[in-house]
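Just so it is clear: chains get the letters A, B, ... in the order the sequence lines come, proteins before strands, and each one is counted from 1.
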2 protein chains.
Amino acid sequence: MPDLSEVPFAEHVVELADLAKALGHPARVRILEVLAQTPGCICGDIVVQMPLAQATVSQHLKELKRVGLIDGEISGPRTCYCLNLEKLARAREMFTSLFAGIGCCGSEGELHGIDPQ
Amino acid sequence: MPDLSEVPFAEHVVELADLAKALGHPARVRILEVLAQTPGCICGDIVVQMPLAQATVSQHLKELKRVGLIDGEISGPRTCYCLNLEKLARAREMFTSLFAGIGCCGSEGELHGIDPQ
DNA sequence: TATTATAATCGTAAATTGGCGATTAACGAT
DNA sequence: ATCGTTAATCGCCAATTTACGATTATAATA
């Protein structure tokens with residue numbers, strides 16, 4: 001996670017790249033799927049559905065939490081994870097906006113400029 | 001790029017993660033923007049719009065080419081890069097499908113299962 | 001043919017990532 | 001108070017990523 005105030009790229013570019021990076025590993029995409037499918041979002045339930053050690057899954061969860069795509073709520077000895085739908089919606093908008101500004105009928109000018117927050 | 005035939009994740013998960021990884025750096029997102037804006041898609045034109053050395057930009061171009069989001073056509077001493085709109089469309093579909101399967105009104109069952117190729 | 005311009009590649013260094021076992025912390029339940 | 005369960009963190013290592021200068025290859029052009 002580069003220092004946003006220092007990098008010479010536009011903020012929306014950095015934000016999108018950071019989200020993409022978080023999605024840039026099969027385990028993390030899979031975790032999102034599992035969380036979407038599993039009502040009880042206990043960490044252990046995720047681990048058993050994954051071909052990775054508990055420590056590794058925990059790392060991936062941490063990364064997803066870092067960008068805000070999931071939330072983790074400590075509940076006794078266990079942690080309940082769930083999708084952050086607001087953040088997911090924003091991520092979807094940013095990707096949609098990127099592809100719209102890039103791939104489609106030349107609406108030049110502002111490319112995927114989404115108003116922050 | 002993990003060996004697709006060996007990894008214990010579903011193919012669409014691996015494919016999406018790989019695309020996301022390619023988008024997971026500000027320079028590469030920026031390159032896509034530049035290519036969308038610039039009619040003449042010469043490599044040098046990209047380099048001058050980027051706060052990175054030529055060698056570094058070339059590496060990022062290579063990564064984007066690896067996943068097929070851009071094409072590079074050698075033309076004399078220079079290389080003309082352009083967006084691969086088909087691949088971009090597929091990428092857009094995969095991301096859309098991911099978010100639809102995850103973030104939205106419970107259409108359970110197949111999550112972002114896009115028929116390959 | 002020699003020169004120039006362009007861009008890919010090489011070599012390298014620093015930082016980050018991904019993986020795991022082991023440990024720790026936090027809590028519920030004996 | 002002790003035990004067992006859960007999950008975060010630590011420590012470590014290998015592999016990858018990112019960045020750059022230098023070099024090389026290619027092909028126009030003088």
Side-chain angles (χ1 to χ4, degrees), chain A residues 1-4 6-9 13-14 17-31 34-35 38 40-67 69-82, chain B residues 1-4 6-9 13-14 17-31 34-35 38 40-67 69-82:
Chain A
M1 47 187 158
D3 184 343
L4 295 217
E6 296 290 342
V7 279
F9 291 103
V13 170
V14 175
D18 203 39
L19 285 166
K21 187 158 68 84
L23 295 176
H25 193 289
R28 294 195 286 268
V29 174
R30 179 74 190 128
I31 285 174
V34 171
L35 286 181
T38 308
C41 40
I42 297 94
C43 172
D45 296 339
I46 304 172
V47 172
V48 297
Q49 296 189 58
M50 208 95 56
L52 296 170
Q54 178 263 322
T56 307
V57 173
S58 195
Q59 275 186 174
H60 287 302
L61 288 167
K62 190 179 181 181
E63 170 69 7
L64 288 172
K65 218 165 34 173
R66 181 186 67 80
V67 295
L69 289 177
I70 67 173
D71 294 312
E73 188 177 328
I74 302 170
S75 150
R78 65 208 74 194
T79 304
C80 177
Y81 282 101
C82 56
Chain B
M1 48 189 159
D3 184 346
L4 295 218
E6 295 290 343
V7 279
F9 291 104
V13 169
V14 174
D18 202 39
L19 285 167
K21 186 158 69 79
L23 295 176
H25 193 290
R28 293 194 286 267
V29 174
R30 179 74 188 127
I31 286 174
V34 171
L35 286 182
T38 306
C41 39
I42 297 96
C43 172
D45 296 340
I46 303 172
V47 172
V48 297
Q49 296 188 59
M50 208 95 57
L52 295 171
Q54 178 264 321
T56 307
V57 173
S58 195
Q59 276 187 170
H60 287 302
L61 287 168
K62 191 178 179 182
E63 170 69 6
L64 288 172
K65 218 165 33 173
R66 182 187 65 82
V67 295
L69 290 177
I70 67 174
D71 294 313
E73 188 176 328
I74 302 172
S75 150
R78 66 209 71 193
T79 304
C80 176
Y81 284 101
C82 57

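- Between B/Lys62 atom NZ and D/dT16 atom P there is a gap of 14 Å when expressed in whole angstrom units.
- Contact check, B/Ser58 against C/dA8: a side-chain N or O comes under 4.0 Å of OP1 or OP2.
- With rounding to whole Å, A/His25 atom NE2 is found 15 Å from D/dA15 atom P.
- Contact check, A/Arg78 against D/dA8: no side-chain N or O comes under 4.0 Å of OP1 or OP2.
- Of the residues in residues 43-50 of chain A, A/Cys43, A/Gly44 come within less than 4.0 Å of DNA chain D through at least one heavy atom, sorted by number.
- The structure places CG of B/Leu19 at 11.0 Å from CG of A/Leu23, a figure rounded to the nearest 0.5 Å.
- Rounding to whole angstrom units, CG of residue B/Asp18 and C1' of D/dT17 are separated by 14 Å.
- Considering CG of A/Asp45 and CG of A/Leu35, their distance stands at 10.0 Å, rounded to 0.5 Å.
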Provide a list of protein-nucleic acid N or O atom pairs under 3.5 angstrom, restricted to nucleotides 20-26 of chain D.
residue : atom : partner : partner atom : Å
D/dC20  : OP2  : B/Ala53 : N            : 3.0
D/dC20  : OP2  : B/Thr56 : OG1          : 3.1

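- Nearest approach of A/Cys80 to A/Cys41, heavy atoms of both residues: SG-SG, 2.6 Å.
- Aromatic ring pairs are classed by plane angle as parallel below 30°, tilted from 30° to 60° and perpendicular above 60°; the pair B/His60 and B/His25 is tilted.
- To the nearest angstrom, P of D/dA19 lies 12 Å from CD of B/Glu63.
- If you take NZ of B/Lys21 and C1' of D/dA15, they are 12 Å apart, rounded to a whole angstrom.
- The two atoms that bring A/Val13 and B/Arg30 nearest to each other are CG1-N, 4.2 Å, heavy atoms only.
- For the OP1/OP2 pair of D/dA8 and a distance below 4.0 Å, the side-chain nitrogens and oxygens of A/Tyr81 include at least one atom meeting the criterion.
- In this structure, the NE2 atom of A/His60 is 8 Å from the C1' atom of C/dG19, given to the nearest Å.
- When rounded to the nearest whole Å, the span between CD of A/Glu73 and C1' of C/dC27 equals 15 Å.
- When side chains are defined from C-beta on, A/Ile31 counts as touching A/Leu61, because their heavy atoms get closer than 4.5 Å.
- Put simply, the side chain of B/Arg28 gets close to the backbone of B/Lys21: a donor and an acceptor are under 3.5 Å apart.
- Applying the 4.0 Å criterion to OP1 and OP2 of D/dA8, one finds that A/Thr79 has a side-chain N or O inside that range.
- When the side-chain contact (heavy atoms from CB on, under 4.5 Å) test is applied to B/Gln59, no partner is found at least two apart in sequence or on another chain.
- Following rounding to the nearest Å, B/Ile70 (CD1) and C/dA7 (C1') show an atom-to-atom distance of 13 Å.
- The two residues B/Ala22 and B/Val67 have their closest heavy-atom pair at CB-CG2, 3.6 Å.
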